Asker: 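Have a look at this one.
Naming: A, B, ... by sequence-line order, numbering from 1 per chain. The basis for the numbers below is simple: all heavy atoms, side chains too, and nothing from hydrogens, waters or symmetry mates. All figures in this text were calculated on a predicted structure; none of them were measured in a lab.
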2 protein chains.
Amino acid sequence: MITKTGRTVDQDTLDKAFMALADPVRRAIVARLSRGDATVNELAEPFAITKQAVSKHIQVLEHAGLVTRSRDAQRRPVHLDAAALEELTAWIDQYRLIAESRFRRLDALLETIENTEEKKEEEQ
Amino acid sequence: MITKTGRTVDQDTLDKAFMALADPVRRAIVARLSRGDATVNELAEPFAITKQAVSKHIQVLEHAGLVTRSRDAQRRPVHLDAAALEELTAWIDQYRLIAESRFRRLDALLETIENTEEKKEEEQ
DNA sequence: TTCTTGATCAACCTATTGGTTGATCAAGAG
DNA sequence: CTCTTGATCAACCAATAGGTTGATCAAGAA
């Protein structure tokens, strides 16, 4: 599929991205990163799980294309990719808007029918 | 968290909803349903998997709150819940917009620095 | 009642997830 | 060189996801 940004997103990328967000720890990491880049240790601090587990979560986010990492001596700051998030909302909105427009058209149709019924009653 | 619609969405609901979208078969089902309600058999037709497997996929979507089902004799038409999709985009956008506004502020800062540097050069 | 249709239930198999512990590596600091 | 810090690799384990086959159920149709 093609997003508003013109980028092509394949099924596998969508699989990984949605799967990545289907975990409360990873969503908390995304929330934290929206406020600014952070290291694995910083990200691990609020959680009651091992640093290794958090490292794995970050790898999941990275393979999903939601975050990127740079090198700064021993540190490897994690950075949130807002554009990747936008592609997900674009996918969802595409179908949500179709469903909603269909709903609105049905709404209009029902109104038309109601008006017709009222007219009939008036004519009687 | 609370969405634009005022509805509260708990972690477990987000877990299930994102997990539900992390599968190409279920996304295809969502895409099909955006065009209108359909039965399990109709939804199963395009796929090379058993009807039972599709039935399970629909249950996953249902437990995630993304679709609802009504009763019409033996048929159980599946209906896409556009409002539930909206809650997901609301969650994503919340953090995407924070990250982007941060990015824009950094952009503005870098511009300020560049202008300052240019000014210095002019002064030399 | 019997047959057909639409759909689910139940049991099972395999691959993958999310977590652990323990070892290892890479880059500075002393 | 040795020590510390930040982070990853490797092996393992329990739970779950996605799929199958076979039986079952509920509602009309004949």
Asker: Using whole Å, report how far NZ of A:Lys51 lies from P of C:dT21.
Answerer: 13 Å
Asker: Measure from the side chain of B:Arg75, starting at C-beta and using heavy atoms only, and say which of D:dT8, C:dG6, D:dG19 lies closest.
Answerer: C:dG6
Asker: Within the structure, does a side-chain N or O atom of B:Asn41 lie under 4.0 Å from either OP1 or OP2 of C:dA7?
Answerer: yes
Asker: If each of A:Pro77 and B:Asp72 is mapped to the nucleotide of DNA chain D with the nearest heavy atom, which maps nearer the 5' terminus, i.e. the 5' end?
Answerer: A:Pro77
Asker: Rounded to whole Å, please give me the gap between CG in B:Asp12 and P in D:dT16.
Answerer: 12 Å
Asker: Among D:dT8, C:dG18, C:dA7, which nucleotide sits nearest the side chain of A:Asp23?
Answerer: C:dG18
Asker: Any side-chain heavy atom of B:Ile29 within less than 4.5 Å of one from B:His57?
Answerer: yes
Asker: What do you reckon, is CZ of A:Arg32 surrounded by more than 12 foreign heavy atoms closer than 6.0 Å?
Answerer: yes
Asker: Is there a donor on the side chain of B:Gln52 or the base of D:dG22 sitting less than 3.5 Å from an acceptor on the other?
Answerer: yes
Asker: Between B:Ser55 and C:dT8, is there a side-chain N or O to OP1/OP2 distance below 4.0 Å?
Answerer: yes
Asker: Does B:His57 make a side-chain N or O approach to OP1 or OP2 of D:dG19 shorter than 4.0 Å?
Answerer: yes
Asker: Send over the distance from A:Asp37 CG to D:dA7 P, rounded to a whole Å.
Answerer: 13 Å
Asker: Please state how far atom NE2 in B:His63 lies from atom P in D:dA17, giving the value in whole angstrom units.
Answerer: 12 Å
Asker: Please determine if a side-chain N or O atom of A:Thr50 lies less than 4.0 Å away from the OP1 or OP2 oxygen of C:dG19.
Answerer: no
Asker: Just checking B:Arg71: base, sugar-phosphate only, or nothing, at a heavy-atom cut-off of under 4.0 Å?
Answerer: nothing
Asker: Going by an N to O cut-off under 4.0 Å, is there a salt bridge joining B:Asp12 and B:Lys16?
Answerer: yes
Asker: Let me know, please, whether A:Met19 or A:Arg69 comes out on the 5' side of the other along DNA chain D by nearest nucleotide.
Answerer: A:Arg69
Asker: Using whole Å, report how far CZ of A:Phe47 lies from C1' of C:dT20.
Answerer: 18 Å
Asker: Is any side-chain N or O of A:Gln59 closer than 4.0 Å to OP1 or OP2 of D:dC9?
Answerer: yes
Asker: What's the closest nucleotide to the side chain of B:Lys56 if the choices are C:dG18, D:dG19, C:dT8?
Answerer: D:dG19
Asker: Out of D:dG6, D:dG19, C:dT8, which has the shortest distance to the side chain of B:Ile49?
Answerer: D:dG19
Asker: To the nearest Å, how far apart are A:Leu21 CG and C:dT17 C1'?
Answerer: 16 Å
Asker: State, with a plain yes or no, whether a side-chain heavy atom of B:Arg27 is found less than 4.5 Å away from one of A:Asp15.
Answerer: yes
Asker: Could you check whether any side-chain N or O of A:Glu42 sits under 3.5 Å from a backbone N or O of A:Thr39, counting only pairs where one atom can act as donor and the other as acceptor?
Answerer: yes
Asker: Whole angstroms only, please: what is the CD1-P distance between A:Ile58 and D:dC9?
Answerer: 12 Å
Asker: Does B:Arg76 place a side-chain N or O at less than 4.0 Å from the phosphate oxygens OP1/OP2 of D:dA26?
Answerer: no
Asker: Identify whether the distance between the nearest side-chain nitrogen and carboxylate oxygen of B:Arg96 and A:Glu86 falls below 4.0 Å.
Answerer: no
